[in-house]
Amino acid sequence: MAAEPMAAKARAAKQMAARKVAPAKAAPVPRPGILDIAPYVPGTSALPGTGPIVKLSSNETPLGPSPKAVEAYLGEAAHLARYPNGSALPLREALAAEHGLDPARIVCGAGSDELLNLLAVAYLGPGDEAIYTEHGFLVYKIAILARGATPVVAPETARTADVDAILSRVTSSTRMVFLANPNNPTGTYLPHTEIERLHAGLPETVLLVLDAAYAEYVLNDDYEAGASLVTGHDNVVMTRTFSKIYGLASLRIGWAYCPDAIADTLNRIRGPFNVTGPSIAAGVAAVHDRAHLEAAIAHNETWLGDTADKLERIGLTVTPSVANFLLVHFPEAPGKTAREADAFLHARRIILRRVEEYGFPHALRMTIGTAAENAAALEALSAFMSAESTGAA
Ligand SMILES: Cc1ncc(COP(=O)(O)O)c(C=O)c1O
């Protein structure tokens, strides 16, 4: 029995290969820019072999979702034949009540990725430029290129977005600025006064997208996710997600807080039922479970600084982070490199995130996990750094 699917797979592979050898004489061609896109490569999530894995590669919460969200999700199983609410109204209302916002100006999406892409669809086209920062979240570049627009990279200072560098890249062709605050994978952030200065320096026709995927983790008084700036202006959007602190990454739920005209624009182009019923139900329950959110914030507060200190004591350098992950820099000496550390960790079934494509060939990003996961990663890294050998596993 088992041989049959294998044979079918082999047949399919052969057919695919044959198709590549003999392409059609005329074939559909993607629009300019599309084939310049390097597909987004998610963090490693599986390893060969068996046994539990310590996965600290995708900035997921070690606490998991609120049990109330899981219950609400399961409760939707009885209604799967019905389309969900087309504008995710219950979720927009819950978010509006929780954050003191106008529900009409909230647009929900299948993860904030969808909303970032929809903003690019609506506001970018060939000939337009969009700015993001040197180590900014990679989805921005993909969204810009997918529209045939031109990505413009603003250098960072000390691995942190630099307002003057962004403003100096604005031209008459600039249409958007994407800024993750805090940024992934650096974990650094700009205080609200800097965000205000950035906004004040942009022409009113340029859309400033404040991606606040990790906002809930930031405890610094000088930080704001951006809703107040959206409220007073027509060219600012804040995006948020349920994938990080709410522990609902698999359900794909994001939301954007927008000026009226931008909410209207997104509602014209989004899929009519772009957020599923189980996602809406789980999202509402998650928003209402304040205690679970507070526990996740407290857990991160306990472990973020502690883990950073311990990594430094091992001899590694850590970029100061306000999010739920740390960018860990390795020596360039053979035997101690990030690549070798990655292999060493994999052999111990621990996964951190490689970040070469973010401009960090000598770093790994570590998500804050449970106490046991953090200890396992620290112990393995300590062994790696103190090993006499080449570091090979
Ligand atoms: C800065 C940033 N923005 C957006 C996202 C996308 O989140 P979502 O799961 O909501 O699409 C991520 C996820 O890694 C992120 O790090």
Side-chain angles (χ1 to χ4, degrees), residues 39-45 55-61 64-65 69 88 91 95 106-121 130 132-144 146 156 159-161 176-190 195 208-218 223 225-226 237-257 266 270-271 274-276 279-280 282-283 286-287 300 319 321-327 351-355 357-360 365-368:
Y40 183 85
V41 182
T44 306
S45 58
K55 180 177 181 290
L56 302 175
S57 56
S58 300
N59 299 343
E60 297 145 338
T61 169
L91 183 53
L95 287 165
I106 295 175
V107 180
C108 293
S112 48
D113 281 348
E114 184 191 22
L115 297 161
L116 295 167
N117 277 286
L118 287 176
L119 287 164
V121 167
Y132 60 94
T133 65
E134 188 180 354
H135 303 295
F137 185 46
L138 279 177
V139 161
Y140 310 147
K141 184 178 180 186
I142 295 174
I144 296 163
E156 298 187 1
R159 301 181 190 121
T160 307
M176 284 175 87
V177 174
F178 287 101
L179 181 71
N181 197 33
N183 184 45
N184 168 21
T186 52
T188 57
Y189 80 106
L190 288 182
I195 299 291
L208 174 61
V209 179
L210 298 171
D211 174 352
Y214 301 93
E216 296 84 356
Y217 286 111
V218 190
Y223 174 79
V237 168
M238 170 188 73
T239 59
R240 306 285 288 264
T241 184
F242 283 80
S243 301
K244 306 300 174 185
I245 206 160
Y246 287 103
L248 295 171
S250 182
L251 286 187
R252 314 299 306 123
I253 320 168
W255 57 284
Y257 194 55
L266 292 180
R270 68 176 173 80
N274 60 335
V275 184
T276 71
S279 299
I280 295 170
V287 169
N300 201 58
T319 298
S321 167
V322 293
N324 67 330
F325 53 84
L326 295 162
L327 187 64
I351 309 176
L352 306 194
R353 177 71 150 96
R354 296 263 290 269
V355 280
E357 74 267 53
Y358 283 98
F360 294 114
R365 192 192 66 199
M366 173 180 167
T367 305
I368 297 302

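Remember, it's 1-based here, ligands and their atoms both numbered in the order they're listed.
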Applying side chain to side chain donor-acceptor pair (under 3.5 Å), name anything that partners Glu134, two or more places apart in sequence or on another chain.
none
Who pairs with Ser279 by side chain to side chain donor-acceptor pair (under 3.5 Å), at least two apart in sequence or on another chain?
Thr276
Return the orientation label for the Tyr140 and Phe178 ring planes: parallel under 30°, perpendicular over 60°, tilted otherwise.
parallel
Assess the residue pair Arg270 and Glu114 against the criterion (salt bridge (Lys or Arg N to Asp or Glu O under 4.0 Å)); give the C-alpha distance rounded to whole Å, side-chain angles, the decisive distance to 0.1 Å, and a yes or no.
CA-CA 9 Å; Arg270 68 176 173 80; Glu114 184 191 22; over 6 Å; no
Applying ring pair (Phe, Tyr, Trp, His ring centres under 6.0 Å) to Tyr217 and not counting sequence neighbours gives none
Protein neighbours of ligand 1 with a heavy atom under 4.0 Å, given by chain and number, are Gly111, Ser112, Asp113, Phe137, Ala180, Asn184, Asp211, Ala213, Tyr214, Thr241, Ser243, Lys244, Arg252
Are there over 12 heavy-atom neighbours, none belonging to Lys141, within less than 6.0 Å of that residue's NZ?
no
